[in-house]
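Some notes on the structure that comes next.
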Amino acid sequence: ANLLYSSMPISAHRLLWGLLTLDCLFFALYFSGQFFNLSLGRWFVISSDWSLPELFQYLKELSILVMVFSAFTSYKKNLYLAWTMLFGYLLLDDALMIREWLGNVIAQMLTFPPPFKLSSNDLGEMIALALFAALLVPLLTLTHVSSQQATRKLSWLLLPWLALLTLCGF
């Protein structure tokens, strides 16, 4: 894993660690405000639309999108294009609330009560996410498997960052 990590340019390391550090600061600020009962205003509420943490989430997604798109334009590898499509979807979904909109459309078409005490909209969003995942995950898998080992390194580098991005707000 260290060999894979060390193959990333220093500037990318610094950018990704800087983004993650700032994310932790947003969380710390938000939870400190909650713990000490401080009013930070809606700009610092991590669950508020168009708050600073949400806008920062867009910046993180855009940064990773630019990095993988740059790798695709430089090396013309299909795997890099698949990663570009995934991060492009994540950014568009976050900014345009595609999953929520499509989830609402699906919820209105449901003819049965959702299981596990889910709301219809929650189930619709899960179905919408599953539809996008059904397209993107096989694409990533097929391009990964058919790529050379050197090309696959990017996937192994991106998976932990994707997990962190997901934990921090997707």
Side-chain angles (χ1 to χ4, degrees), residues 16 19-35 37-69 72 78-147 152 154-170:
L16 292 172
L19 293 173
L20 184 61
T21 301
L22 193 51
D23 220 12
C24 290
L25 290 173
F26 276 124
F27 276 110
L29 184 63
Y30 174 74
F31 288 116
S32 295
Q34 294 293 309
F35 183 76
N37 202 19
L38 302 172
S39 177
L40 300 173
R42 80 165 200 86
W43 287 104
F44 292 97
V45 177
I46 58 177
S47 60
S48 180
D49 287 337
W50 297 102
S51 65
L52 290 176
E54 182 171 296
L55 294 174
F56 181 67
Q57 180 76 1
Y58 301 156
L59 177 64
K60 289 185 301 187
E61 292 166 351
L62 180 63
S63 298
I64 297 171
L65 175 63
V66 167
M67 282 188 246
V68 293
F69 183 70
F72 171 69
N78 289 336
L79 179 59
Y80 301 160
L81 179 60
W83 277 106
T84 300
M85 292 170 66
L86 174 69
F87 282 103
Y89 164 73
L90 292 177
L91 177 59
L92 288 174
D93 179 61
D94 252 3
L96 302 177
M97 301 174 79
I98 295 170
R99 187 180 63 248
E100 291 82 356
W101 174 80
L102 187 56
N104 187 34
V105 170
I106 292 170
Q108 292 174 8
M109 297 183 334
L110 293 176
T111 59
F112 58 90
F116 311 114
K117 297 183 181 181
L118 289 172
S119 72
S120 295
N121 283 350
D122 287 343
L123 181 59
E125 284 185 36
M126 292 171 73
I127 293 169
L129 182 60
L131 291 173
F132 284 106
L135 296 172
L136 293 171
V137 170
L139 178 66
L140 272 169
T141 303
L142 289 173
T143 55
H144 180 86
V145 169
S146 64
S147 294
R152 288 187 214 155
L154 181 68
S155 288
W156 296 116
L157 287 169
L158 287 173
L159 282 173
W161 291 108
L162 179 61
L164 285 170
L165 186 68
T166 302
L167 287 172
C168 294
F170 173 68

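Please read these numbers as outputs of a predicted model, since none were measured by experiment.
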Side-chain donor or acceptor of Arg42 paired with backbone N/O of Ser48 under 3.5 Å:
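A pair under 3.5 Å: no.
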Can you tell me if Asn78 uses its side chain to pair, donor with acceptor, with the backbone of Thr143 under 3.5 Å?
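Such a contact is absent between Asn78 side chain and Thr143 backbone.
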Pairwise side-chain contact, [X] with [Y], heavy-atom cut-off 4.5 Å (strictly under):
X	Y	result
Leu162	Leu86	yes
Ile106	Leu131	yes
Met85	Tyr89	no
Leu40	Val45	no
Ile64	Leu158	yes
Phe72	Leu81	yes
Asn104	Gln108	yes
Pro53	Leu29	no

What's the verdict on side-chain contact (heavy atoms from CB on, under 4.5 Å) for Leu102 and Phe132, showing C-alpha distance, side-chain angles and the deciding distance?
CA-CA 11 Å; Leu102 187 56; Phe132 284 106; 3.9 Å; yes
Going through the checks in order, is the side-chain contact (heavy atoms from CB on, under 4.5 Å) test met by Val66 and Phe87?
CA-CA 9 Å; Val66 167; Phe87 282 103; over 6 Å; no
What's the verdict on side-chain contact (heavy atoms from CB on, under 4.5 Å) for Arg152 and Val145, showing C-alpha distance, side-chain angles and the deciding distance?
CA-CA 8 Å; Arg152 288 187 214 155; Val145 169; 5.9 Å; no
With rounding to the nearest 0.5 Å, note down the distance linking [atom1] in [X] to [atom2] in [Y].
X	Y	atom1	atom2	answer
Leu55	Asp49	CG	CG	10.0 Å
Tyr30	Gln34	OH	CD	4.0 Å
Leu142	Ser147	CG	OG	10.0 Å
Leu92	Arg99	CG	CZ	12.5 Å
Ser120	Glu125	OG	CD	11.5 Å
Glu61	Asp94	CD	CG	4.0 Å

Chi angles and distances behind the side-chain contact (heavy atoms from CB on, under 4.5 Å) call for Trp43, Leu52:
CA-CA 5 Å; Trp43 287 104; Leu52 290 176; 4.2 Å; yes
Report, as yes or no, whether the 6.0 Å neighbourhood of atom CZ on Phe69 holds more than 12 heavy atoms from other residues, nucleotides or ligands.
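Open.
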Considering residues at least two apart in sequence or located in another chain, which fulfil the side-chain hydrogen bond (donor to acceptor under 3.5 Å, both in side chains) criterion with Ser155?
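Scan of Ser155 (side-chain hydrogen bond (donor to acceptor under 3.5 Å, both in side chains), adjacent residues dropped) gives Trp83, His144.
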Whether Tyr58 and Trp50 hold their rings parallel, tilted or perpendicular, with breakpoints at 30° and 60°:
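Rings of Tyr58 and Trp50: perpendicular, over 60°.
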